[in-house]
*Asks:* 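Got a structure here, written out as structure tokens. Questions coming.
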Amino acid sequence: MTTPSAAVDHLTPELWAAANRHLVRKALAEFAHERLITPDPLGPGHYRVRSDDGTAEYRFAARQLSLHHWWIDPAGLTRHVDGRETPLDAVDLCLELRGALGLTDAVLPVYLEEITSTLAGLAYKSARPELTATELVKADFQQIETAMTEGHPCFVANSGRIGWGVHDHHRYAPEAGQPVRLLWLAAHRDHTTFTCAADLDYDTHVRAELGAETLAGFARTLTGLGLDPADYLLLPVHPWQWWNKLAVTFAGEVARRHLVPLGEGPDEHLAQQSVRTFFNVTDPNRHYVKTALSVLNMGFMRGLSAAYMERTPAINDWLAGLIAADPVFARTGLSIIRERAAIGYRHRQFEAATDRYSPYRKMLAALWRESPVPGLEPGRRLATMASLLHVDRAGRSFAGALIAGSGLAPADWLRRYLDAYLVPVLHALYAYDLAFMPHGENVILVLRDDAVERVVFKDIAEEIVVMNPQADLPEAVSRIRAAVPEEEKVLCVFTDVFDSFLRHLNAILDTEGILDEETFWRTVAGCVTAYTESVPHLADRHDLFAPEFALSCLNRLQLRNNQQMVDLADPSAALQFVGTLANPLAPYAPRP
């Protein structure tokens with residue numbers, strides 16, 4: 001990328017048109033799913049959606065699948081303005097449906113920027129050489145990670161990354177697949193808190209992560225400035241965060257030598273789908289590093305709170321102990337990759353000026369998460385669960401390629417996956433009022449012979465919740481308690497698993513002719529029934545076979561407030577409910 005034009009080689013008319021077709025199709029489907037729009041029937045299997053003022057309309061062929069899922073044929077999707085066919089444009093779609101989407105004057109321009117950035121990301125991904133679904137089945141963990149093209153399956157504006165320039169996209173985006181060396185700062189102990197797991201300490205941790213030679217070099221930098229290395233803790237930062245935020249916004253801290261830049265670390269890393277988390281490719285046995293990144297992406301500024309990080313290792317230790325002691329979790333093979341250490345820097349002036357949820361308190365912190373590689377048994381491979389929703393340019397799914405490679409019947413392959421993934425989610429809810437955030441990017445599949453053998457959950461401390469304010473928890477873990485209405489607890493399965501993930505997997509397998517949706521949901525029901533029969537003392541706590549459940553809408557959250565979708569002090573209060581969805585498991589309820 002040596003010239004301005006080379007930086008935008010992916011922005012061609014052909015790739016831009018393809019990106020818009022993809023995103024308009026997704027927007028119509030997900031906005032219809034959330035009942036923001038109601039397609040009008042034009043005949044069997046054909047529909048239209050009209051703009052707020054009626055001057056524009058979108059025509060398409062579609063099938064309605066379970067959970068009010070709209071599968072729209074991309075080939076036949078057209079847009080007409082004043083009766084004349086015009087190109088598809090996702091930004092125009094949002095403008096034309098502004099009233100239906102409830103976009104305010106404050107939210108609209110930012111949302112359009114996020115839509116445009118998402119389109120640019122799609123064009124970039126389309127310009128790269130592709131591994132087909134069949135080739136991906138044989139790819140390694142990080143090849144699969146960087147090959148993902150969709151992002152979150154429900155959110156329409158899912159790659160906003162506001163704050164990044166095009167050069168940052170080329171350098172740091174997961175799909176770029178570019179190795180990154182993290183920058184390291186020395187942070188004065190008076191302003192910095194380091195916490196770690198009970199069986200770890202600071203010196204052991206940084207020595208394992210950096211090595212003696214790098215540590216000695218960092219110490220020489222400090223002593224060369226007349227500073228005592230013993231007064232400082234070492235803190236990794238995303239290079240973007242240093243150049244664009246810390247070197248300016250934290251200029252006073254640098255000038256006073258509260259922060260001292262030390263240079264790059266020795267290892268190369270790859271950005272993961274979550275953008276701010278890095279996998280160590282120089283030594284895959286070393287920890288992931290999750291960094292603060294003051295970039296607006298999918299409803300939040302992606303910083304890390306120094307105060308929040310302080311309790312992270314203790315929460316992970318507690319959950320690891322809970323899982324290890326539970327025979328049901330053991331039977332499924334569930335494991336977590338623990339967040340073993342965390343560090344955060346407190347900027348006292350910004351803290352004096354803000355509340356605890358402010359992005360200004362989330363500019364400088366990091367955590368280290370275990371790698372899944374050391375615990376991998378021979379003959380097993382890793383893949384992000386997001387890959388199960390990946391479809392290549394020829395329309396072939398990664399899930400379908402895995403099923404073909406396994407030699408299993410599709411329903412048998414699905415059941416193995418559900419026993420590994422869904423049963424731990426159910427048991428956490430039924431036995432402990434515990435909810436994970438088990439979406440595709442937060443789960444790692446352990447594959448054996450192309451079938452799912454077990455799963456690994458990650459992103460623990462920021463995502464889990466115990467939905468019982470009276471739960472008996474250690475003090476260091478108490479922040480994960482929350483008061484959640486009884487009827488909403490089961491939504492951690494209905495919304496987070498059924499509607500946000502399995503709905504899409506069902507559509508992919510059904511559309512590709514691999515597994516019809518009746519068999520798909522009967523298989524899910526069989527998994528749930530087998531679990532509840534195995535724990536009769538817990539079986540009555542929740543009803544996964546209820547005729548319907550509340551439709552909790554994700555895009556509505558972002559459309560309402562795309563800078564902070566949820567009030568972290570009361571996440572339940574922020575949920576947007578619109579009617580109900582028919583439960584696809586209800587027809588397969590076990591007979592009394």
Side-chain angles (χ1 to χ4, degrees), residues 195-199 305 307-332 334-340 342 356-357 367 369-370 421-439 442-443 455-498 500 528 531-532 534-544 546 549-550 552 566-575 577:
T195 54
C196 60
D199 61 345
S305 163
Y308 220 63
M309 290 300 99
E310 195 168 341
R311 297 293 178 90
T312 289
I315 292 170
N316 279 260
D317 281 353
W318 170 81
L319 182 61
L322 180 77
I323 290 173
D326 187 289
V328 175
F329 286 137
R331 187 174 74 239
T332 68
L334 174 72
S335 63
I336 64 169
I337 43 177
R338 294 170 294 171
E339 291 148 356
R340 297 274 287 157
R356 60 188 176 128
Y357 301 111
L367 66 80
R369 177 185 298 142
E370 291 174 312
Y421 165 63
L422 179 57
V423 170
V425 175
L426 294 175
H427 189 59
L429 171 65
Y430 277 69
Y432 303 106
D433 284 322
L434 171 65
F436 296 92
M437 187 61 72
H439 57 67
N442 270 358
V443 181
V455 303
V456 181
F457 286 170
K458 64 185 182 75
D459 212 357
I460 300 303
E462 285 195 288
E463 300 282 15
I464 65 168
V465 59
V466 174
M467 299 177 289
N468 178 359
Q470 279 76 51
D472 183 17
L473 298 176
E475 176 57 32
V477 180
S478 60
R479 79 148 191 247
I480 68 173
R481 277 192 301 238
V484 176
E486 196 65 32
E487 65 274 12
E488 289 183 15
K489 291 180 179 180
V490 74
L491 293 181
C492 72
V493 178
F494 282 143
T495 298
D496 298 342
V497 178
F498 289 10
S500 296
V528 174
Y531 166 71
T532 55
S534 74
V535 287
H537 60 295
L538 299 173
D540 293 336
R541 292 208 61 199
H542 301 284
D543 183 8
L544 268 294
F549 59 88
S552 180
V566 176
D567 179 0
L568 298 177
D570 189 7
S572 178
L575 297 178
F577 295 116

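Values in this document were obtained by computation on a predicted structure and should not be read as measured data. What's counted below: heavy atoms across the whole structure, side chains too, no hydrogens, waters or symmetry copies. Quick note: residue numbers are just sequence positions, from 1.
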*Asks:* Which heavy-atom pair separates Pro424 from Leu334 by the least distance, and what is that distance?
*Replies:*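 Scanning both residues, the minimum pair turns out to be CB-CD2, 3.8 Å.
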*Asks:* For the residue pair Asp496 and His439, confirm or rule out a side-chain donor-acceptor distance under 3.5 Å.
*Replies:*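 No - no donor-acceptor pair under 3.5 Å links their side chains.
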*Asks:* List the atom of Cys492, the atom of Ala435, and the distance in Å for their closest heavy-atom pair.
*Replies:*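 Taking every non-hydrogen atom into account, CB-CB, 3.7 Å.
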*Asks:* Where the side chain of Thr332 meets the backbone of Phe329, is there a donor-acceptor pair that is under 3.5 Å apart?
*Replies:* yes
*Asks:* For Pro438 and Val497, work out which heavy atoms get closest and say how close.
*Replies:* CG-CG2, 3.8 Å
*Asks:* Treating Asn442 as the side-chain partner and Met437 as the backbone partner, does any N or O pair qualify as donor plus acceptor under 3.5 Å?
*Replies:* yes
*Asks:* If I take atom OG1 from residue Thr532 and atom NE2 from residue His537, how far apart are they, to the nearest 0.5 angstrom?
*Replies:*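 Taking OG1 in Thr532 and NE2 in His537, the distance rounds to 12.0 Å.
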*Asks:* In the structure I gave you, are the side-chain heavy atoms of Val477 and Arg311 within less than 4.5 Å of one another anywhere?
*Replies:*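 With C-beta onward as the side chain, the pair stays apart.
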*Asks:* Under 3.5 Å, side chain of Ser335 to main-chain N/O of Val456, donor-acceptor pair present?
*Replies:* no
*Asks:* For the backbone of Leu429 and the side chain of Lys489, can you confirm whether one donor and one acceptor N or O come within less than 3.5 Å of each other?
*Replies:* no
*Asks:* Using a distance-only test with no angle check, is there a side-chain donor-acceptor pair under 3.5 angstrom linking Tyr430 and His542?
*Replies:*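 Side chains of Tyr430 and His542: no pair found under 3.5 Å.
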*Asks:* State whether Asp199 and Arg340 are salt-bridged, where the test is any N-O pair (Lys NZ or Arg NE/NH1/NH2 against Asp/Glu carboxylate O) under 4.0 Å.
*Replies:*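 Result for this pair is yes, salt bridge flagged.
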*Asks:* Roughly how far apart are Thr312 OG1 and Met309 CE, rounded to 0.5 Å?
*Replies:* 4.0 Å
*Asks:* Between Asp326 and Tyr432, is any side-chain donor less than 3.5 angstrom from a side-chain acceptor?
*Replies:* yes
*Asks:* Can you tell me if Thr195 uses its side chain to pair, donor with acceptor, with the backbone of Glu310 under 3.5 Å?
*Replies:*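 Between the backbone of Glu310 and the side chain of Thr195 there is a qualifying donor-acceptor contact (under 3.5 Å).
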*Asks:* In terms of relative ring orientation, are Phe494 and Phe549 parallel, tilted or perpendicular, with 30° and 60° separating the classes?
*Replies:* parallel
*Asks:* If you take all heavy atoms of Ala314 and Ala476, which pair is closest and at what distance?
*Replies:* CB-CB, 3.8 Å
*Asks:* So, taking the atom named CG in Leu491 and the one named CG in Leu575, what distance separates them when rounded to the nearest 0.5 Å?
*Replies:*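 Here the interatomic distance stands at 7.5 Å.
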*Asks:* Donor-acceptor pair, distance only, cut-off 3.5 Å: does the side chain of Glu339 make one with the backbone of Ile460?
*Replies:* yes
*Asks:* Measure the shortest side-chain to side-chain distance between Phe436 and Val465 over non-hydrogen atoms and say whether it is less than 4.5 angstrom.
*Replies:* no
*Asks:* Specify the closest pair of heavy atoms between Arg331 and Ser534, including all atoms of both residues, with the distance to one decimal.
*Replies:*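 Answer, listing the atom of Arg331 first, then Ser534: NH2-OG, 3.6 Å.
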*Asks:* Which heavy-atom pair separates Asp317 from Ala198 by the least distance, and what is that distance?
*Replies:*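 It is OD2-N, 3.1 Å.
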*Asks:* Between Ser478 and Pro474, is there a donor-acceptor pair closer than 3.5 Å when you use the side chain of the first and the backbone of the second?
*Replies:*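 Here the side-chain-to-backbone pair does not exist.
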*Asks:* What distance separates Glu462 CD from Ile315 CD1, expressed to the nearest 0.5 Å?
*Replies:*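 Here the interatomic distance stands at 9.5 Å.
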*Asks:* Using a 6.0 Å distance limit plus a 45 degree cone around the ring axis, check whether Arg356 lies over the aromatic ring of Tyr308.
*Replies:*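 Checked: cation-pi criterion not met.
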*Asks:* Quick check on side chain to side chain contact (heavy atoms under 4.5 Å, CB included): which of Asp433, Leu473, Asn468 does Arg481 satisfy it with?
*Replies:*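 Among the candidates, only Leu473 passes.
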